[in-house]
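Take a look at the structure below.
Values in this document were obtained by computation on a predicted structure and should not be read as measured data.
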Amino acid sequence: MTTGLPTLLPPKAIPRPPFAPHLEWTPRKYLSEPQPPPQDEGKIQEQELANARQIMDGKVIKKTRPRRTVDYNGGMGRWALLRKLRPNPTYAPHIRPSPPFIVDLLPPKAYPENASTSLCTKFVHTSTNKIRCPVNVVTWTPEGRRILTGSTSGEFTLWNGLTFNFETILQAHDTAICTMAFTHSGAYLASADKSGIIKYFEPNMNNLTAWQGSSSREAIRGLSFSPDDRRFATASDDSSVRIWSFAESRVESVLTGHGWDVKCVEWHPTKGLLVSGSKDNQIKFWDPRTGTVLSTLHQHKNTIQALSWSPNGNLVASASRDQTVRIFDIRAMKEFRILKGHKKEVCSVTWHPVHPLLVSGGSEGAVLHWDLSTPDPASFAQPVSTPRATLSQAHDSNVWSLAYHPLGHLLVSASNDHTTRFWSRERPGDASSVFSGGGEKPPEIIDTSGQDEEDDAMVPGFSYGAGGAGPSWWGKDEESTPGFGGGQATDAFGRRPAGYGDTNGDDFIPGFGAAERQAAPPQQDMYGSGERQEDWSRGGGRGGGDDWGRGGSRTGRYGPRGGRY
């Protein structure tokens with residue numbers, strides 16, 4: 001009697017061990033570089049006729065230049081098709097370290113067990129307002145097609161989520177915007193500014209209402225909606241947390257207990273639970289129904305500047321000026337992990353929507369990625385973790401806000417250096433990867449083409465007042481600073497695009513072409529020897545304000561604009 005079961009498969013279908021397991025796989029085809037698609041003669045003649053008409057009309061011919069796009073639709077379509085054809089529920093194509101396999105790069109949700117595919121460390125683009133001012137807060141629109149930023153000038157700026165170019169700008173507040181949040185349904189946007197004004201907006205940026213939301217016109221630093229969107233909580237510099245009825249725009253309860261300015265507040269994604277962080281170094285958990293304090297955490301040694309709930313709601317991450325990020329497990333109400341790696345204060349923190357990844361931004365301009373998916377056995381005895389990936393020169397100043405795309409394949413960072421930068425996942429076989437090298441300083445490339453005319457910035461579906469006439473703020477043009485590659489001027493395949501530096505060339509096609517790589521210049525010392533950190537404050541004032549110069553009279557390095565702090 002045989003012990004083995006009979007084999008019903010044909011011999012060719014039975015997997016066999018490799019004949020030479022010691023040999024490393026090398027690609028044997030698709031070795032040549034991607035070639036640009038053939039040009040359509042009809043379109044070329046059409047463009048020449050259009051140019052001739054513009055010359056006859058006395059208009060300046062504007063050269064068309066395709067913009068580089070990080071498109072998530074391709075990966076989503078491929079994944080949806082693969083889900084129907086895959087042999088088992090967890091199947092995903094094996095990505096080999098070669099540029100042609102970029103087509104097999106699926107959305108992060110396709111790799112539930114591999115968090116390393118979601119580390120957004122590759123620099124894609126820099127977007128900058130023409131009237132430069134620090135960017136305090138950034139968020140993706142609910143459908144994931146655009147990015148909304150709020151600056152110290154009180155302006156909302158809308159950027160395209162695929163090409164990262166400017167779309168529109170709105171003078172939303174009279175003072176610096178400190179916080180904003182979309183409802184979970186995506187139907188409304190609430191924002192608050194430095195003078196304590198709360199405003200509602202529709203997705204088309206139509207202002208619905210505005211009122212004073214704090215006592216003594218103190219700044220409102222945080223805003224978060226309840227899971228059902230019926231209420232929202234605000235944290236203000238009057239050391240209180242307020243719970244508001246969204247429909248009635250009235251305060252329902254005032255939570256007092258912090259001894260100093262409350263810098264942030266976050267509502268639990270599914271429960272009736274609030275967490276707030278203050279300048280008194282304390283993190284407090286609140287019951288929004290009774291307004292009582294449930295627990296207080298004293299682990300931080302300095303101001304808590306940002307809080308963020310994990311997507312499952314079990315963990316809360318806190319960023320502090322004591323240069324640490326701490327993660328607390330609310331199930332045991334204990335400290336779960338200490339994340340040390342920042343050289344200066346930590347200003348922002350956010351979770352990846354799919355994987356157990358955490359991203360934090362510091363006042364030295366660094367963006368650090370932390371992987372909590374595979375804890376080291378020694379970490380239980382010593383719960384101090386080091387960063388999984390480091391972008392030490394992501395920005396030139398404080399990283400005030402971070403936001404992941406809802407799919408998790410793009411990261412946006414907003415900084416005190418007046419820029420909004422976009423980061424994507426590393427590409428297979430990318431020779432310019434900065435995954436573990438600490439990151440290089442993104443290139444400074446100024447590109448204002450296509451953003452000086454009013455008709456170029458017009459976005460369908462956005463209201464600009466009666467009769468279609470643009471308001472007075474419409475004259476504020478924008479500029480964009482595109483960049484290519486992870487800290488270097490490279491395309492998606494790790495090569496420098498043709499015509500780099502003069503991307504208006506007729507033969508320029510984004511993502512194609514090859515030239516010698518050119519490394520970005522090294523970053524200069526950010527603060528200098530003996531320089532005061534107040535110069536990098538949100539507004540820079542020192543007189544009569546707190547540590548970050550809130551309400552101060554003297555201006556900082558970036559001029560007399562009022563800062564967030």
Side-chain angles (χ1 to χ4, degrees), residues 136-142 148 150 177-193 196-201 211 213-214 218-258 261-278 282-289 291 293-295 297 304-319 328 330 347-351 353 358 400-404 406 414 564:
N136 282 345
V137 61
V138 63
T139 183
W140 286 86
T141 54
L148 187 66
I177 299 172
C178 295
T179 181
M180 62 182 176
F182 278 95
T183 58
H184 294 88
S185 65
Y188 299 98
L189 169 74
S191 62
D193 61 17
I197 301 295
I198 301 174
K199 291 189 177 184
Y200 291 165
F201 294 89
W211 75 94
S214 64
E218 293 282 358
I220 293 180
R221 304 294 182 183
L223 188 149
S224 182
F225 279 94
S226 63
D228 60 1
D229 291 336
R230 295 183 180 180
R231 295 169 180 83
F232 66 93
T234 59
S236 58
D237 280 353
D238 58 8
S239 70
S240 69
V241 175
R242 285 179 167 84
I243 298 177
W244 303 82
S245 169
F246 178 74
E248 302 174 16
S249 302
R250 65 174 180 85
V251 64
E252 290 189 347
S253 59
V254 180
L255 312 182
T256 57
H258 280 294
D261 303 349
V262 186
K263 296 299 182 185
C264 47
V265 64
E266 292 293 334
W267 207 302
H268 193 279
T270 58
K271 296 179 173 58
L273 178 64
L274 284 172
V275 60
S276 62
S278 170
Q282 296 179 1
I283 299 174
K284 288 183 180 292
F285 293 88
W286 308 81
D287 184 351
R289 300 176 183 85
V293 177
L294 300 177
S295 179
L297 304 176
I304 287 87
Q305 302 211 100
L307 293 166
S308 180
W309 287 102
S310 61
N312 60 12
N314 292 332
L315 304 175
V316 60
S318 60
F328 301 93
I330 64 169
C347 305
S348 54
V349 65
T350 189
W351 289 86
L358 195 68
W400 288 136
S401 182
L402 293 163
Y404 266 108
R564 179 176 171 184

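- Remark: R289 CZ to L273 CG distance equals 9.5 Å, nearest 0.5 Å.
- Nearest approach of M180 to S191, heavy atoms of both residues: CB-CB, 3.7 Å.
- A heavy-atom distance below 4.5 Å is not found between the side chains of T350 and S348.
- Contact between S310 and N314 at its shortest, heavy atoms only, is OG-N, 3.5 Å.
- With rounding to the nearest 0.5 Å, the separation of CZ in R231 from CH2 in W267 is 7.0 Å.
- In plain terms, the two heavy atoms of S185 and D229 that are nearest each other are N-OD2, 3.0 Å.
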*asked:* Determine whether I243 and V251 satisfy the following criterion, side-chain contact (heavy atoms from CB on, under 4.5 Å), listing intermediate values before the conclusion.
replied: CA-CA 6 Å; I243 298 177; V251 64; over 6 Å; no

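- Not a single donor-acceptor pair under 3.5 Å links the side chain of D287 to the backbone N or O of V293.
- Taking CD1 of I304 as the reference point, atom CG of D261 lies at 12.5 Å (rounded to 0.5 Å).
- Under a cut-off of 6.0 angstrom, the local environment of CZ in F246 is crowded, with over 12 non-hydrogen atoms contributed by other residues, nucleotides or ligands.
- With respect to D237 and R221, a salt bridge is recorded, a charged nitrogen being found less than 4.0 Å from a carboxylate O.
- Considering CG of L358 and CG of L315, their distance stands at 9.5 Å, rounded to 0.5 Å.
- Minimum heavy-atom separation, T183 to A187: OG1-N, 3.2 Å.
- Remark: the backbone N or O of S249 is not paired with any side-chain donor or acceptor of S245 at under 3.5 angstrom.
- Atom OG1 of residue T179 and atom CG of residue N136 lie 10.0 Å apart, to the nearest 0.5 angstrom.
- Formation of a donor-acceptor pair under 3.5 Å by the D193 side chain with backbone atoms of I197 is found in this model.
- By the side chain to side chain donor-acceptor pair (under 3.5 Å) test, W286 is found to be paired with S276, residues two or more places apart in sequence or in another chain being considered.
- When all heavy atoms are compared, the tightest approach of A190 to Y200 is CB-CD2, 4.2 Å.
- In summary, of the residues considered (F225, W309, F285), a ring-ring contact (aromatic ring centres under 6.0 Å, His included) with H268 occurs for W309 alone.
- Judged by distance alone, with hydrogens and angles left aside, the side-chain atoms of H184 form a donor-acceptor pair with the main-chain N or O of S226 at under 3.5 Å.
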*List the steps, then state whether side-chain hydrogen bond (donor to acceptor under 3.5 Å, both in side chains) holds for T234 with W244.*
CA-CA 8 Å; T234 59; W244 303 82; 2.9 Å; yes

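- Not a single side chain to side chain donor-acceptor pair (under 3.5 Å) links T256 to another residue, sequence neighbours left out.
- Pairing each heavy atom of P353 with each of P311, the nearest pair is O-CG, 4.0 Å.
- Rounding to the nearest 0.5 Å places CD of E266 at 9.5 Å from CG of L223.
- Under a 3.5 Å cut-off, the side chain of S278 and the backbone N or O of Q282 do not form any donor-acceptor pair.
- Between I283 and L307 there is a side-chain heavy-atom pair separated by less than 4.5 Å.
- The shortest side-chain heavy-atom distance between F232 and I198 falls under the 4.5 Å cut-off.
- In terms of the side chain to side chain donor-acceptor pair (under 3.5 Å) criterion, residue partners of S236 (sequence neighbours excluded) are, by chain and number, D238.
- Using a 4.5 Å heavy-atom cutoff, the side chains of L255 and L274 are in contact.
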